[in-house]
Amino acid sequence: MEFDYIVAGAGLAGLTTAERIASEMDRRVLIIEKRSHIGGNVYDSYNEDGILVHNYGPHTFHTDDKAVFDYILKFTEWHDYQHRVLSYVDGRFVPMPISLETINQLYNLNLSEDEMDAFMESRKETVREIRSSEDVVLSQGGRDLYEKFFRQFTIKQWGISPAELDPSVIKRIPFRKNRDTRYFTDRYQGNPKHGYTKMCENMIKNKNISLLLHTDYKDVIKQLKYKKLIYTGPIDYYFDYIYGRLLYRSIRFVFETHDMESYQKTASSRYPMDYDYTRITEFKKMTGQKHPKTTICKEYPCFGEEPYYPYPAREWKELALKYRQLAEKEENVIFLGRLAEYRYYDMDDVIKRALEVFETELKRG
C-alpha cells in the first residue's frame with residue numbers, strides 16, 4: 001500500500017501531526033500503533049461502574065498558549081477545572097506547591113506576603129552552584145521544607161536521591177510567595193468534556209487518515225510505500241539499541257472504586273513521607289462527573305516495561321544525545337515527542353511542538 005506519510009505512534013504528537021497533514025495538506029496518512037487504542041498515555045475509558053478514569057494516570061490540560069488551546073477546542077467541548085493538590089506532611093494536608101498558605105498552615109503562622117519573603121530568606125541555604133534538584137530546594141526553601149516535601153518523595157518517584165537528579169526535575173515545581181493554591185497558574189486549564197479518548201477520535205475523523213492498531217511499525221514498514229515517516233516511539237528502539245537502552249521511569253497504577261460519593265478533599269493528594277505510593281487521584285473531581293460511587297488511583301513509581309518518563313540524570317541525557325545525533329542523519333524521518341526526543345513534555349508542549357514541526361518541516365517542505 002502507498003501513503004504520503006506514515007506516523008508511528010498514536011499519542012498526541014502523532015495524532016496532531018496526522019490531523020494537520022490530512023486537513024491542511026490533503027495528503028494520505030497511515031497511523032501505526034502497537035497498543036489496542038489511540039491517545040497514548042492520555043487514553044481514558046469508563047470502568048465497569050461507569051466512572052471515567054485515566055488509564056495511564058491523571059491528566060489535566062493547562063497552557064498559556066492560546067493557539068494550542070484553540071487547536072484542541074476544534075475537537076472537544078471543554079470542562080473548566082482548576083487543579084489543586086494537597087500534600088500530607090506532619091499529619092496534616094497542606095497545599096502544594098509551597099505557597100504562603102502552605103507555610104502558614106504547616107508552621108501555624110499568619111504571615112503576610114511581605115513577611116513570607118523574610119521567612120523564606122531565613123530558611124535558605126547558601127549553595128555555590130546549582131548542580132542537582134537538591135541544590136534547587138535548599139537554595140530556595142531550606143533544609144526543613146526539603147526533608148518534608150521533596151527528599152523522600154523524589155526517592156519514591158525516581159528511585160534515587162534529589163542530589164543525583166538534574167535541577168530541571170524540581171525547577172518545574174515553584175515556590176510561591178502569595179496565596180494562590182492552584183497547582184498550575186496557566187490561563188487555560190481543564191479537561192475535554194467527554195474525555196481525552198473522544199477528543200483523540202475526533203482528531204482523526206478524516207478520510208485521508210487510516211489507522212492500524214495492535215501493530216509494531218517495524219513489522220510492516222518495509223511493506224509500505226511512503227514519502228516520510230514521523231516517528232514518536234522510543235528513540236533507542238528505532239536504532240535497535242545500538243548504544244544500549246535508555247532508562248525510563250514507569251508507574252504501576254492501582255485503581256479502587258469506593259461506595260461513596262467523595263473520597264478526598266481535592267482531586268490529587270501527595271504523600272511525600274508516608275506509604276509506598278506517591279499520590280492518590282480521584283477522577284470525578286477532575287472530570288466533573290456525577291456518580292454515587294467514586295474511583296481513585298494510587299501510583300507506585302517503578303522501573304517497568306512501559307516508558308513514562310525520560311530519566312533526568314546526566315548519564316541518560318548524554319546517551320540520548322548520541323541517539324539524537326544519529327537521528328539527525330536519518331533522511332525522510334522526523335523524531336517527535338517525549339519518547340522520540342527523550343525530553344519531558346507536558347501535553348500542551350507536545351501539541352505545540354507537533355504544530356511547529358508541521359509548519360516548519362512538513363507544510364513548507
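Predicted model only: the values in this text are computed from it and were never measured.
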Novice: Between Ser23 and Glu19, does the side chain to side chain donor-acceptor pair (under 3.5 Å) criterion hold? Intermediate values first, please.
Specialist: CA-CA 6 Å; Ser23 299; Glu19 187 280 327; 2.9 Å; yes
Novice: Minimum heavy-atom separation for Ile32 to Asp216, with atom names?
Specialist: CG2-C, 4.3 Å
Novice: Assess whether a salt bridge exists between Asp49 and Lys293, defined as any Lys/Arg side-chain N lying under 4.0 Å from an Asp/Glu carboxylate O.
Specialist: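 Salt bridge present between Asp49 and Lys293.
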Novice: Quick one: side chain to side chain donor-acceptor pair (under 3.5 Å) partners of Lys156, sequence neighbours excluded?
Specialist: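 Checked Lys156 against side chain to side chain donor-acceptor pair (under 3.5 Å); zero matches.
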Novice: Consider only side-chain N and O atoms of Arg84 and Thr181, and report whether a donor and an acceptor are under 3.5 Å apart.
Specialist: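 A donor-acceptor contact under 3.5 Å links the two side chains.
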Novice: In plain terms, say whether Arg131 and Asp135 are close enough for a salt bridge, that is, a side-chain N and a carboxylate O under 4.0 Å apart.
Specialist: no
Novice: If a pair satisfies side-chain hydrogen bond (donor to acceptor under 3.5 Å, both in side chains) and one of its residues is in residues 297-310, list it, with sequence neighbours excluded.
Specialist: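 Matches after skipping sequence neighbours: Arg35-Glu306, Glu256-Lys298, Arg279-Glu299.
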Novice: Identify, with sequence neighbours excluded, every residue that meets side-chain contact (heavy atoms from CB on, under 4.5 Å) alongside Phe184.
Specialist: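 Residues passing side-chain contact (heavy atoms from CB on, under 4.5 Å) with Phe184: Thr60, His62, His83, Asp186, Gln189.
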Novice: Taking only Lys NZ, Arg NE, NH1 and NH2, and the carboxylate oxygens of Asp or Glu, determine whether Glu261 and Lys290 approach each other closer than 4.0 Å.
Specialist: no
Novice: Does Arg338 come within less than 4.0 Å of Asp346, counting only side-chain N to carboxylate O?
Specialist: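 Result for this pair is no, no salt bridge flagged.
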Novice: Group every Ile, Leu, Val, Met, Phe, Trp and Tyr by side-chain heavy-atom contacts under 4.5 Å, then state whether Phe153 and Leu138 land in the same group.
Specialist: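 In one cluster: no.
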Novice: Taking salt bridge (charged side-chain N to carboxylate O under 4.0 Å, His left out) as the definition, give me every residue that meets it alongside Arg314, ordered by chain and number, with sequence neighbours left out.
Specialist: none
Novice: Using 0.5 Å steps for rounding, measure from the CZ atom of Phe3 to the CG atom of Leu224.
Specialist: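 Atom-to-atom, Phe3:CZ and Leu224:CG are 6.5 Å apart.
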Novice: Would you list the atom pairs, donor with acceptor, under 3.5 Å between side chains in residues 315-322 and any protein atom, with sequence neighbours excluded?
Specialist:
residue, atom, partner, partner atom, Å
Lys317, NZ, Asp166, OD1, 3.1

Novice: Tell me whether Lys225 is salt-bridged to Glu2, with the criterion being a basic N under 4.0 Å from an acidic carboxylate O.
Specialist: no
Novice: Looking at Asp144 and Lys148, is there a salt bridge between them, counting it only when a charged N and a carboxylate O are closer than 4.0 Å?
Specialist: yes
Novice: Please check if any side-chain donor atom of Asp26 sits under 3.5 Å from a side-chain acceptor atom of Asn208, or the reverse.
Specialist: yes
Novice: Say whether Val254 and Tyr271 are linked into one hydrophobic cluster, either directly or through other cluster members, by side-chain heavy-atom distances under 4.5 angstrom.
Specialist: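 Yes, it is one cluster - the side chains of Val254 and Tyr271 are joined through contacts under 4.5 Å.
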Novice: Run the side chain to side chain donor-acceptor pair (under 3.5 Å) check on Asn47 and Thr295 step by step: do they pass?
Specialist: CA-CA 9 Å; Asn47 65 14; Thr295 298; 2.9 Å; yes
Novice: State plainly whether the residues Glu125 and Arg143 are in salt-bridge range, i.e. N to O under 4.0 Å.
Specialist: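 Looking at Glu125 and Arg143, the cut-off is met.
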Novice: Would Asp44 and Asn55 count as a side chain to side chain donor-acceptor pair (under 3.5 Å) if you check the C-alpha gap in whole Å, the side-chain angles of each, and the deciding distance to 0.1 Å?
Specialist: CA-CA 5 Å; Asp44 53 18; Asn55 298 66; over 6 Å; no
Novice: Look at the side-chain heavy atoms of Ile, Leu, Val, Met, Phe, Trp and Tyr, link any pair under 4.5 Å apart, and say whether Ile280 and Met96 land in one connected group.
Specialist: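 They do not share one cluster, since no chain of ILVMFWY contacts under 4.5 Å joins Ile280 to Met96.
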Novice: Does Arg28 pair with Asp4 as a salt bridge, N-O distance under 4.0 Å?
Specialist: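 So Arg28 does not pair with Asp4 through a salt bridge.
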Novice: Should Tyr275 and Val85 be regarded as members of a common hydrophobic cluster, given that ILVMFWY residues are connected when their side-chain heavy atoms come within less than 4.5 Å of each other, either directly or indirectly?
Specialist: no
Novice: Does Ile155 belong to the same Ile/Leu/Val/Met/Phe/Trp/Tyr cluster as Phe150, with side-chain heavy atoms less than 4.5 Å apart forming each link?
Specialist: no
Novice: Only one of Arg151, Glu134, Arg123 clears side chain to side chain donor-acceptor pair (under 3.5 Å) with Tyr146; which?
Specialist: Glu134
Novice: Return a table of donor-acceptor pairs under 3.5 angstrom between the side chains of residues 325-336 and protein atoms on other chains or two or more places apart.
Specialist:
residue, atom, partner, partner atom, Å
Glu330, OE1, Tyr238, OH, 2.5

Novice: Applying salt bridge (Lys or Arg N to Asp or Glu O under 4.0 Å), run through Glu113 and Arg179 and close with a yes or a no.
Specialist: CA-CA 8 Å; Glu113 291 188 18; Arg179 298 182 183 276; 5.3 Å; no
Novice: Kindly check if the number of other-residue, nucleotide or ligand heavy atoms within 6.0 Å of NZ (Lys124) is above 12?
Specialist: yes
